[in-house]
Each structure stands twice: as C-alpha cells, then as structure tokens.
Amino acid sequence: MSSRDEYFSAEDTVGTAGVARRRVGSAESEAAGRRWWDADADDYLAEHGSDIGDEAFVWCPENLHEDEAGLLGTPADLVGKRVLEVGAGSAPCSRWLARRGAHPVALDVSGGMLRHAARLNDALDLPVPLVQAGAEHLPFADATFDHACSAFGAIPFVADPGRVMREVHRVLRPGGRWVFAVNHPMRWVFPDDPGEQGLTVVQSYFDRTPYLEVDGDGRATYVEHHRTLGDRVRDVVAAGLVLDDLVEPEWPEGHERVWGQWSPLRGALFPGTAILVTHRPG
C-alpha cells in the first residue's frame, strides 16, 4: 500500500533520477524492491504505522480487517496453524495471528522493514519468526504451512507473480488457504491521484509495462508491476490452486482516510483493492 508522491527521502537515498519505460526481470525487480523498502521503511511506518497497526490484520486501505472478514477462516480455524505471511513488512498481520493462537512466519525482502518487525516483536512480547527472502523463491520445504496470506505485500512488486503462486502452492499443505490482496487492476488506468484528476483514464488497462523509476545509470530504483484481473486468475489456476472468491471491498461509509491514491472520492466510484481467496486442493 504505497503512495509514490510521499517519500522523497527514499528517492534521494536510492538515487532516483527519473521514470523509464521498459520491461524489468525478476532479479532487477527484487533488488530494486529491497533497496527501496530498506530506504523507505522509517518514513513509511512513520506515515502509515497507525493505519496498519502494530498488531492488526488490515487487508487494504478500505480498512477491511480480518477480524470481520474471516478470509482465513474462523478464529478457531487459526489456532495451532502454521501461517506464512508473504511480504510481511513490519509484520502486524503476523502478530495478530500469533495473538490468536496461530504459528506465523513473517517473510519480507527488506531487512529495513524486518528491523521494525523485530523491534515491535520485542515491544509486544510476540516472538514471530522473521525471514528475509524474495517471494519468488520461498526458502521452505514442501507442505510446511497450513495457510498463507499477503496484505499488499510482495505480489505487486514481483516480475513473475505466477512463480509466487507456484511457490505458495508448494509450501502449502493440502487444503491450505492462500489469500492475497493487491491493487485492483483497473486502478492502473488512472493516475495515482486521490482527487478529481485521479478520475480520468490515462493509459490502457492492457498495457503490462511496469511502472519504473531509475537512477542516473538506468538501474531500477522502484518497480511496480501491473497484471489484469484475468492474469491474476490464470496465475492462480495455473499453479494448481482453486479460486474460492474474489473480494472487491467497498469504501466504507464514514471512512475519510486518504492513503496515496485511495480516497473516499475514488472509493465511492470504483474498487481500489482485489483480494483473491484460494486454496490448495486436498
């Protein structure tokens, strides 16, 4: 859940010099993501730490909480279950899971974000295991986890989301759920503007060229990848997973928080988030 207009210090740190238009492979994309989130971790949490919480499971800027959504199952379903959080950031979702009797593991590509996760683990006395790795190569044995989840973590920032789906399928036990939230693909056609200018279509929904920022040598400093809704479904199905639901949270009445391009104005007109609820068949 990022806003490209807020974090100037991170851009200075990674040396962003401009925007480019080209394809980006997995290695370059992962390296850029690691550098970006390492540089941006302090500012991001200073800006949005109160939104995501220290020990809360918030799926999206529409403020949908797992407490009410139950996309991973009932509270009783989670007790004693091993759950992998992919792209955990500072790991508030994992700590929420731990408090409810699950055994989560929080994985993220950024050491900077995991540093904050470790600090919060200590402060809340919730020793959630933390693993630094990219989502395209999960460092776990087959059938290790009962469930997996991702609340805007990793998936929008990887070049090969299909590989992530295959990796999650591999590490899940039969019957395990995999639930992940991403930017709603239709958001790609609009500018990242929460106001009136963010209501005008400016590019093709079918253009999958990533949004790319580069340094003076042309090296990627920030990459965000676009896939259509059909692409997301095909990645899930091709990995051998079953799609159980596609949740498009509506903007709730009385929720006035503007978060990057998400806002009450835009939220009243079209979805900002897509949550895919899947499972590995038994």
Side-chain angles (χ1 to χ4, degrees), residues 1-2 4 21-34 36-37 59-60 71-72 83-89 93 106-110 113 131-140 142 145 147-172 176-189 192 203-213 220 222-248 271-281:
M1 293 178 239
S2 62
R4 301 299 305 116
R21 184 172 175 80
R22 61 174 170 82
R23 297 293 180 183
V24 181
S26 292
E28 185 180 17
S29 190
E30 182 175 312
R34 180 180 293 108
W36 172 263
W37 290 109
W59 280 109
C60 52
L71 300 180
L72 289 170
V83 184
L84 174 63
E85 184 182 5
V86 180
C93 299
L107 176 142
D108 200 89
V109 74
S110 166
M113 294 300 285
V131 176
Q132 184 176 7
E136 293 181 50
H137 303 277
L138 299 177
F140 307 106
D142 296 356
F145 296 97
H147 302 303
C149 59
S150 184
F152 272 83
I155 308 302
F157 306 102
V158 299
D160 188 355
R163 184 180 182 94
V164 179
M165 302 301 136
R166 295 191 296 275
E167 280 287 274
V168 171
H169 179 280
R170 179 182 64 78
V171 303
L172 276 179
R177 295 190 185 192
W178 162 229
V179 185
F180 63 98
V182 293
N183 293 299
H184 197 289
M186 73 171 294
R187 283 292 174 105
W188 190 252
V189 307
D192 280 356
Q203 64 185 24
S204 169
Y205 175 79
F206 301 103
D207 182 357
R208 294 165 178 84
T209 307
Y211 175 78
L212 171 64
E213 295 176 0
Y222 180 92
V223 188
E224 193 161 339
H225 297 271
H226 168 60
R227 296 294 184 270
T228 68
L229 203 55
D231 292 337
R232 296 292 185 204
V233 171
R234 281 186 288 274
D235 284 345
V236 164
V237 174
L241 297 158
V242 175
L243 179 64
D244 300 307
D245 198 2
L246 172 59
V247 180
E248 299 167 294
T273 299
I275 306 174
L276 285 84
V277 183
T278 81
H279 75 273
R280 175 177 174 171

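In this structure, Glu28 CD and Arg23 CZ are separated by 13.5 Å, a value rounded to the nearest 0.5 Å. Put simply, NE2 on His279 and CG on Leu243 are 10.0 Å apart, with the number rounded to the nearest 0.5 Å. One finds the CE atom of Met165 at 12.5 Å from the NE2 atom of His169 (value rounded to the nearest 0.5 Å). To the nearest 0.5 angstrom, His137 atom NE2 is 8.5 Å from Asp160 atom CG. One distance of note links CD of Glu136 with CZ of Arg166; it measures 9.0 Å at 0.5 Å rounding. In this structure, Cys60 SG and Glu248 CD are separated by 11.5 Å, a value rounded to the nearest 0.5 Å.
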Note to self: Apply side-chain contact (heavy atoms from CB on, under 4.5 Å) to residues Asp192 and Tyr211 and explain how you reach the verdict.
What the structure shows: CA-CA 11 Å; Asp192 280 356; Tyr211 175 78; over 6 Å; no
Next item on the list: Please report the C-alpha distance between Arg187 and Val182 in whole Å, then the side-chain angles of each, then the deciding distance to 0.1 Å, and finally whether the side-chain contact (heavy atoms from CB on, under 4.5 Å) criterion is met.
Entry: CA-CA 11 Å; Arg187 283 292 174 105; Val182 293; over 6 Å; no
Next item on the list: List the steps, then state whether side-chain contact (heavy atoms from CB on, under 4.5 Å) holds for Leu246 with Val233.
Entry: CA-CA 9 Å; Leu246 172 59; Val233 171; 5.6 Å; no
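Side-chain atoms of Gln203 do not come within 3.5 Å of backbone N or O of Val189 as any donor-acceptor pair. No donor-acceptor pair under 3.5 Å is formed between the side chain of His147 and the backbone N or O of Val83.
Every salt bridge (Lys or Arg N to Asp or Glu O under 4.0 Å) that Arg170 has, sequence neighbours left out, goes to Asp142, Glu167.
Legend: salt bridge (Lys or Arg N to Asp or Glu O under 4.0 Å) pairs involving residues 225-241, not counting sequence neighbours, sorted by first then second residue: Arg208-Asp231, Asp231-Arg234.
The shortest non-hydrogen separation linking Glu224 to Asn183 is OE2-ND2, 2.9 Å. Of all the heavy atoms in Ala181 and Trp59, the pair that sits closest is CB-O, 3.5 Å. Of all non-hydrogen atoms in Ser110 and Gln132, the two that sit nearest each other are C-NE2, 3.9 Å. Of all heavy-atom pairs spanning Ala32 and Ala220, the tightest one is CB-O, 3.5 Å. Heavy-atom minimum distance, Pro210 versus Val223: CB-CG1, 3.9 Å. When all heavy atoms of Met113 and Asp108 are compared, the pair lying nearest together is CB-OD2, 4.1 Å.
In this structure, the side chains of Trp37 and Phe157 come closer than 4.5 Å at one or more pairs of heavy atoms. Side chains of Leu138 and Leu84 form a contact here, defined as non-hydrogen atoms less than 4.5 Å apart. At least one side-chain heavy atom of Phe180 sits less than 4.5 Å from a side-chain heavy atom of Val236. Counting heavy atoms from C-beta on, the side chains of Arg21 and Asp207 come closer than 4.5 Å.
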Side-chain donor-acceptor distances from residues 271-278 under 3.5 Å, at least two apart:
| residue | atom | partner | partner atom | Å |
| --- | --- | --- | --- | --- |
| Thr273 | OG1 | Glu62 | OE1 | 2.7 |
| Thr273 | OG1 | Glu62 | OE2 | 3.3 |
| Thr278 | OG1 | Trp178 | O | 2.8 |

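Using the six-membered ring where Trp is involved, His226 and Trp188 have ring planes that are parallel, under 30° apart on the 30 and 60° scheme.
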